[in-house]
Protein chains: 2
Amino acid sequence: MTTAKSGRRKGASESRQEILEAARALFAEHGYQRTTIRLIAEHAGVDPSLVIYFFASKEHLFAAAMPEPSEAALAAPKLMAALPRAEAAQAIGRRILEAVNSPGASNVLGIIRAASSKPEAVAQLREVFVSRMMLPMITELGLSRPKERAVLLSSIVTGMTFVHEMLDIKTEWPTLDETAELELIAKAIELVLTVDLD
Amino acid sequence: MTTAKSGRRKGASESRQEILEAARALFAEHGYQRTTIRLIAEHAGVDPSLVIYFFASKEHLFAAAMPEPSEAALAAPKLMAALPRAEAAQAIGRRILEAVNSPGASNVLGIIRAASSKPEAVAQLREVFVSRMMLPMITELGLSRPKERAVLLSSIVTGMTFVHEMLDIKTEWPTLDETAELELIAKAIELVLTVDLD
DNA sequence: ATCCAAATTAAACAGCCGTTCAATTAATGA
DNA sequence: TCATTAATTGAACGGCTGTTTAATTTGGAT
């Protein structure tokens, strides 16, 4: 019995997908530079050179691992279009906070960390985050100056996420009233959606 | 004439300070990992080993190079205490925006980039940014729930800075109305300062 | 004048990184 | 069946990193 060390494995291979998932998680958690190919390979249970075999380079892997906007985020605007503005603002606020605070799919923080650690990814980030998540929400509501509002909404969500997760406010200041904060963020979003910009 | 290559230089040495300034600028611009000791040394016009000689390690240098809150930021709260709340909110908003948009002393972005690229710096960041900049402003105004408001104010400023500088909105979407945005940010700050959190 | 400490550099070290190469095994199609 | 392609590994390479060591020059105190 010779222990088969190298060579192709039996059955269909899921390595490519596993590498992609490991890369997504690790890039989001540690940023670009700190996420080594060796670490990705380890999490995917494969050899580092297999990562290069599938994705040619770390750059290409990073591009392929860019997080997509979640289905909830893409489906939200159509739901919101039917509601009155004040209610829509509250609903959007709640949905954004859910997405930000959900443990698994906190891809907003991943996007932020990726962009701050890799300037070349900024254009990609703007496309995904501002243009595909925020702008559709706002244009669907038929508001004036959609670009301005999209940028402002992105600012609020980004700041929220950054301060919350990155500064680890919760564990450091446990006295913070979470519901009060949620309420205020909703009001800020409502302000962005209802303020007269002309 | 032997070209004196090594050994102490004549006159008083400013190398330590020059290293510190180069480090501050480079950490703010490129984050922790991308800023190499060799790069800092080059900008300071010294040998890389001199950086270690003065600061013992890159970690210590980073700690020593942490940006301090500007004098304007520290002086602001006393000025604001005298004004009515709505006016104070507008004034604080303008001052924050000036600090964020000023080309030289844009240390807010530096703080953000440092923290996102080096998780160990997060505690230091929270101390400088939230506790020493935002909290004094708010407690001086005698508002309720100062910690909540400080966190929220930090969120807004952080998000503003991040989206503006990091995503390079200006050069990409030149149609954005800058004054309208400034107006709205002031309103958001006013909201944070005036909203009833109880 | 002399001695020690401070400042400075050049050279080198070990460690990690992304990537490449060659070898090996399994699936696939002619 | 047999040649080709895909999947996989281990080993290695060259480059960059933070850091150390030794040597050299100056400043300051005795």
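Protein chains get the first letters and strands the later ones, always in sequence-line order, with residue 1 at the start of each.
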Visitor: Hey, does the side chain of B/Ser49 come within less than 4.0 Å of C/dT8's phosphate (OP1/OP2), counting only N and O?
Guide: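 For C/dT8, neither OP1 nor OP2 has a side-chain N or O of B/Ser49 closer than 4.0 Å.
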Visitor: From the set D/dT9, C/dT19, C/dA7, return the single nucleotide nearest to any side-chain atom of B/Leu50.
Guide: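 Among D/dT9, C/dT19, C/dA7, the one nearest the side chain of B/Leu50 is C/dA7.
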Visitor: In whole Å, what is the span from the OH atom of A/Tyr53 to the P atom of C/dT20?
Guide: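 Whole-Å distance recorded here is 14 Å.
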Visitor: Does A/Glu59 pair with A/Lys118 as a salt bridge, N-O distance under 4.0 Å?
Guide: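 Looking at A/Glu59 and A/Lys118, the cut-off is met.
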Visitor: Go nucleotide by nucleotide along DNA chain C from the 5' end; which of B/Arg8 and B/Asp47 gets its closest nucleotide reached first?
Guide: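 Looking at the nearest nucleotide for each, B/Arg8 comes out on the 5' side.
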Visitor: Can you check the A/Arg34 CZ to D/dT17 C1' distance for me, whole Å?
Guide: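 Whole-Å distance recorded here is 14 Å.
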Visitor: Would you tell me whether B/Ser144 and B/Arg149 have side-chain atoms, one donor and one acceptor, within less than 3.5 Å of each other?
Guide: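 Short answer, yes.
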Visitor: What I'd like to find out is whether the side chain of B/Leu39 reaches to under 4.5 Å of the side chain of B/Glu42, using heavy atoms alone.
Guide: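 Result yes, sub-4.5 Å side-chain heavy-atom pair found.
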Visitor: Rounded to whole Å, how long is the line connecting atom CD of B/Glu42 with atom P of C/dT9?
Guide: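 That distance rounds to 13 Å.
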Visitor: Closest nucleotide of DNA chain C for A/Gly11 versus for A/Gly7: which of these residues is on the 5' side?
Guide: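 Nearer the 5' end of the strand: A/Gly7.
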Visitor: Please determine, for the side chain of A/Arg9, which listed nucleotide (D/dT8, C/dT19, D/dG18) has the closest atom?
Guide: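 The answer is D/dT8.
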Visitor: Among the nucleotides C/dT9, D/dA7, C/dT19, which one has an atom lying closest to any side-chain atom of A/Phe54?
Guide: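 So the nucleotide nearest the side chain must be D/dA7.
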Visitor: Describe, in one word, how the ring planes of B/Phe27 and B/Tyr32 are oriented to each other, choosing from parallel (under 30°), tilted (30 to 60°) and perpendicular (over 60°).
Guide: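 Geometry flag for B/Tyr32 against B/Phe27: parallel rings.
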Visitor: Please state how far atom CZ in B/Phe55 lies from atom C1' in D/dT20, giving the value in whole angstrom units.
Guide: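 Distance check: B/Phe55 CZ to D/dT20 C1' gives 19 Å.
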Visitor: Map B/Ile52 and B/Lys10 onto DNA chain D by nearest heavy atom, then report which one ends up closer to the 5' terminus.
Guide: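 Nearest-nucleotide comparison on DNA chain D picks B/Ile52.
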Visitor: Holding to side chain to side chain contact (heavy atoms under 4.5 Å, CB included), I want the full list of residues that pass it with B/Glu21, two or more places apart in sequence or in another chain.
Guide: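 Partners of B/Glu21 under the side chain to side chain contact (heavy atoms under 4.5 Å, CB included) test: B/Gln17.
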Visitor: From C-beta outward on B/Ile37, which listed nucleotide comes closest to its side chain: D/dA7, D/dG10, D/dG18?
Guide: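 My answer, after comparing the listed nucleotides, is D/dG18.
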Visitor: Contact class for A/Ser13 (heavy atom, under 4.0 Å): base, sugar-phosphate, or nothing?
Guide: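 The answer is sugar-phosphate, as A/Ser13 gets under 4.0 Å only of primed atoms, P, OP1 or OP2.
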Visitor: Does the side chain of A/Lys58 get closer than 4.0 angstrom to OP1 or OP2 of C/dG18 through an N or O atom?
Guide: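 A/Lys58 to C/dG18 OP1/OP2: side-chain N or O found under 4.0 Å.
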Visitor: Measure from CZ on A/Arg16 to P on D/dT8 and round the result to the nearest Å.
Guide: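 Value for this atom pair: 12 Å.
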Visitor: Within the structure, does a side-chain N or O atom of B/Thr36 lie under 4.0 Å from either OP1 or OP2 of D/dC16?
Guide: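 For D/dC16, OP1/OP2 do not have a side-chain N/O of B/Thr36 under 4.0 Å.
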Visitor: Just so I know, are the side chains of B/Phe55 and B/Leu20 near enough to count as touching, which here means a heavy-atom distance under 4.5 Å?
Guide: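 The answer is yes, as the side chains (C-beta and beyond) meet within the 4.5 Å cut-off.
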Visitor: Just checking B/Gln33: does its CD atom have more than 12 heavy atoms from other residues, nucleotides or ligands closer to it than 6.0 angstrom?
Guide: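 Yes, CD of B/Gln33 has more than 12 neighbouring heavy atoms, counting only those of other groups under 6.0 Å.
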Visitor: Output the rounded distance in Å from CG (A/Leu39) to C1' (C/dG15).
Guide: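 Those two atoms, CG and C1', are 16 Å apart.
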Visitor: Whole angstrom is fine here: how far is it from CZ in B/Phe62 over to P in D/dG18?
Guide: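 Nearest whole value for this atom pair: 13 Å.
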Visitor: For B/Ser49, which residues count as a side chain to side chain contact (heavy atoms under 4.5 Å, CB included) partner, sequence neighbours excluded?
Guide: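 Side chain to side chain contact (heavy atoms under 4.5 Å, CB included) check on B/Ser49 returns B/Asp47.
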Visitor: In whole angstroms, how far is the P atom of D/dG18 from the CG atom of B/Leu26?
Guide: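 My rounded result for the distance is 12 Å.
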Visitor: Kindly express the pairing pattern of DNA chain C in dot-bracket notation, using | wherever a base pairs with another strand and counting only Watson-Crick or G-U pairs under 3.5 Å.
Guide: ||||||||||||||||||||||||||||||
